[in-house]
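Naming convention: chains lettered A, B, ... in sequence-line order (proteins, then strands); numbering from 1 in each chain. Computed over heavy atoms, backbone and side chain alike; hydrogens, waters and symmetry mates excluded.
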Amino acid sequence: MNNPDHNHKFSLTTPLYYVNDVPHIGSAYTTIVADALARFQRLQGKSVLLITGTDEHGQKIQRTAAEQNLVPQVHCDRIVDSFKSLWDKLDIKYDRFSRTTAPKHQQIVNEFFDRVWQQDDIYLDRQQGWYCVSCEEFKEERELIANHHCAIHTNKQAEWRDEENYFFRLSKYQQQLEKLYESQPDFIQPPSRRNEVLNFVQQGLKDFSISRVNLDWGFPVPEDPKHTIYVWFDALLGYVTALLEPDQEPTLDHALSQWWPINLHLIGKDILRFHAVYWPAMLASAGLPYPKRVFGHGFLTKDGLKMGKTLGNTIDPSKLVDRYGADAVRYYFLKEIELGKDGDFNETRFINVLNNDLADVLGNSLNRSLGMLKKYCQSTVPQLTSADYSLDHPLKSIGWDLGDRVSQAYENLQISHACEAVLTLVRAVNKYIDDSAPWKLFKQEQQAEVEQILYAVLESVRLSAYLLSPVIPVTSSKIYQQLGFDWDFNRDQLAQIEEFQLHSKWGKLSPNKTLGKANPVFSKLELPSED
RNA sequence: GUCAGAGUAGCUCAGUUGGUUAGAGCAUCGGACUCAUAAGCCGAGGGUCGGGAGUUCAAGUCUCCCCUCUGACACCA
């Protein structure tokens, strides 16, 4: 907590995705958001740990593997490969990929389980009820629809179970949790989600079972190996295991020494309760500090409809990247969808937004400016600095505090606002060029004025590319390179604080540098004709 | 059923403590220009701000009722 390094470190997680199937668009969405946030923190010179990974235990996995005549681990390995390959395609730069089947994870789980056990927070009790394997949850009779089918997995029938399970004394932590929500008001975000949790907790917490019998695929309960630790209990601890250095001996102390507590758990709204209620209670029992915040984002729809296999309207994230590229997919989800709200994917809108924002507005502003620099200044950046412009200059007036405003937006997880703020500058660039018409001034031999305009324009494009680099690293890199910087936002991510302070301010563009030929940085997309 | 959030131009959304002709981006149409990825710039059309009633000099903005959507919780079967 009082670690002096604290402000220089930032740890965040995506969920550990369930390996029931290849990654779907929702997992891609969360991970893209997490990556952009991580990139922004790195840009500021902070040490960042971005954790993602997979949750691989449970009956559902065991059965899915069996259906394909695979042993569970082989099935998991295959799915894990598909996750990793998608993250690569999307330019996701994760620091840890935490798998719950990793041997070191079992040691962490055992140690943690033992701590909770020592607290007398685990007890054996009989549990009867309907169990949805797809949810890996016991359901109340009333939660089920006709014929005991699960309300979420409507094609799956819940199974009657009557078994002895170990229970976690969640009820004991009711007050502590309420105190947590009160003393850390932004622990759960956005506020609407927070209210839901508050509502739920106020009604009284019930203990929940954390073990299953008749299940092999998982870790045995240390004190009673006939039982297998419940998949969620195991999965959440994957965040802790992820904190271990690669060669470190897997103990809780080691895991928690550097990066705990996690600054941000980024999750979908469907798993809010596990992260906002069960997880902090488990941590409290083990005597560990709480994470700083849990953010539950919204869901994606397609053309206004819920996506689902039954409707057959799912989006394959892998195909989407193959067709349009990582920057395009990233930009759409980060800019066009307000984090926290549900958002819609519509392919025509997707094309329109990208072609306008990235090709016509951002890309073309660079292209036309470099064209003029070549014709009017022999491609040499004019000998000017920020000091040569007054604060009411059309571009400097927007650019001078843009870095601060955009930083604030990223900090608040308002990536969409950050993009919008940058776009305002780029749109102003295009307007400024037309208003000042350098081509006329050049014909009138007003060279100084032309240079004054071009420097301001190029610098504004530079600043925009820099501030958008967490969102569109490929495009930003191309812009930076054409502006004479030897920099690749995908490769070089170890920034210094001083660098950020320079590059995030208007006026960093180095004068006198001779720039190369302009090349479109973002090619226009086309709707697929017919498949 | 209870609670929370939402319903503003074709689409995605902004709209401060109620106050001049309700805004932006995209899409559509028209115009002038040429440095540019036929991009950009200028302009136009397009909204009874979910519906109704009320408070007020004045309501997208406050109150009440209703409708629709989303979510959480509960109940019934």
Side-chain angles (χ1 to χ4, degrees), chain A residues 140-148 151-152 188 190-206 268-273 276-277 296-301 303-306 332-333 335-338 340-377 379 394 414 416-417 419-424 426-443 450 453-454 457-458 461 475 478-479 482 517-526:
Chain A
E140 302 288 328
E141 176 103 31
R142 59 165 197 275
E143 290 180 276
L144 300 171
I145 57 178
N147 295 324
H148 296 108
I152 297 167
I188 305 165
S192 54
R193 300 277 158 236
R194 178 173 188 266
N195 287 338
E196 285 174 19
V197 173
L198 255 44
N199 232 320
F200 172 75
V201 173
Q202 267 166 14
Q203 296 180 2
L205 294 172
K206 288 197 288 189
K269 62 186 183 183
D270 52 330
I271 51 176
L272 183 64
R273 194 180 298 172
V277 182
H297 67 67
F299 279 174
L300 300 173
T301 56
D303 304 320
L305 298 172
K306 274 186 185 173
Y332 183 85
F333 286 126
K335 152 83 180 354
E336 282 301 294
I337 292 166
E338 185 93 17
K341 293 182 183 169
D342 287 353
D344 190 53
F345 179 87
N346 172 277
E347 200 152 2
T348 301
R349 189 173 138 217
F350 178 92
I351 302 276
N352 282 340
V353 164
L354 286 155
N355 286 349
N356 277 281
D357 288 3
L358 297 192
D360 297 345
V361 174
L362 179 63
N364 192 47
S365 68
L366 174 71
N367 208 46
R368 63 195 301 211
S369 308
L370 282 178
M372 286 187 279
L373 190 75
K374 185 180 178 190
K375 283 192 182 176
Y376 308 148
C377 306
S379 290
Q414 297 169 315
S416 166
H417 292 191
C419 294
E420 198 54 62
V422 175
L423 258 285
T424 303
V426 192
R427 290 198 188 98
V429 163
N430 281 317
K431 180 172 168 54
Y432 177 63
I433 293 174
D434 280 69
D435 287 351
S436 48
W439 47 93
K440 281 185 189 161
L441 297 173
F442 181 72
K443 284 175 191 155
V450 170
I453 293 161
L454 289 184
V457 161
L458 288 166
V461 175
T475 305
K478 287 182 186 167
I479 294 174
Q482 290 188 33
K517 190 169 173 288
N519 248 319
V521 294
F522 186 90
S523 303
K524 289 210 181 186
L525 308 177
E526 285 177 24

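Base pairing of U12(B) is made with A24(B), judged by Watson-Crick or G-U wobble geometry with both donor-acceptor distances under 3.5 Å. Remark: U70(B) base-pairs with A4(B). Criterion, Watson-Crick or G-U wobble with two distances under 3.5 Å. For C64(B), the paired nucleotide is G52(B), the pair qualifying as Watson-Crick or G-U wobble because both relevant distances are below 3.5 Å.
Taking only distance into account, the side chain of Asp360(A) never meets the base of A39(B) through a donor-acceptor pair shorter than 3.5 Å.
Straight-line distance from the CG atom of Leu525(A) to the P atom of A39(B): 13 Å, rounded to whole Å. In this structure, Arg368(A) places its CZ atom 5 Å from C1' of G40(B), rounding to the nearest Å. We find that CD of Glu338(A) is positioned 19 Å from P of C11(B), with the value rounded to whole Å. Whole-Å rounding puts the Tyr432(A) OH to A36(B) P distance at 19 Å. In this structure, Phe200(A) places its CZ atom 15 Å from C1' of C3(B), rounding to the nearest Å. Computed from coordinates, the His297(A) NE2 to U70(B) C1' distance equals 17 Å when rounded to whole Å.
Looking only at side-chain heavy atoms (C-beta outward), Phe522(A) and Asn367(A) stay at 4.5 Å or farther from each other.
Side chain of Glu336(A), nearest nucleotide from U12(B), G40(B), C13(B): U12(B). With G40(B), C26(B), C41(B) as the choices, the nucleotide that has an atom nearest any side-chain atom of Asp435(A) turns out to be C41(B).
When Val361(A), Asp357(A), Leu358(A), Leu366(A) are each tested for a side-chain contact (heavy atoms from CB on, under 4.5 Å) with Val426(A), only one passes: Val361(A). Residue Leu362(A) is tested with Ile479(A), Asn356(A), Leu423(A), Val429(A) for a side-chain contact (heavy atoms from CB on, under 4.5 Å); the sole match is Ile479(A).
Side-chain N/O atoms of Lys440(A) include none lying less than 4.0 angstrom from OP1 or OP2 on C35(B).
With a 6.0 Å radius and a threshold of 12 heavy atoms from other residues, nucleotides or ligands, Lys269(A) has its NZ atom above the threshold.
Using a 4.0 Å heavy-atom distance criterion, Lys524(A) is classed as a base contact.
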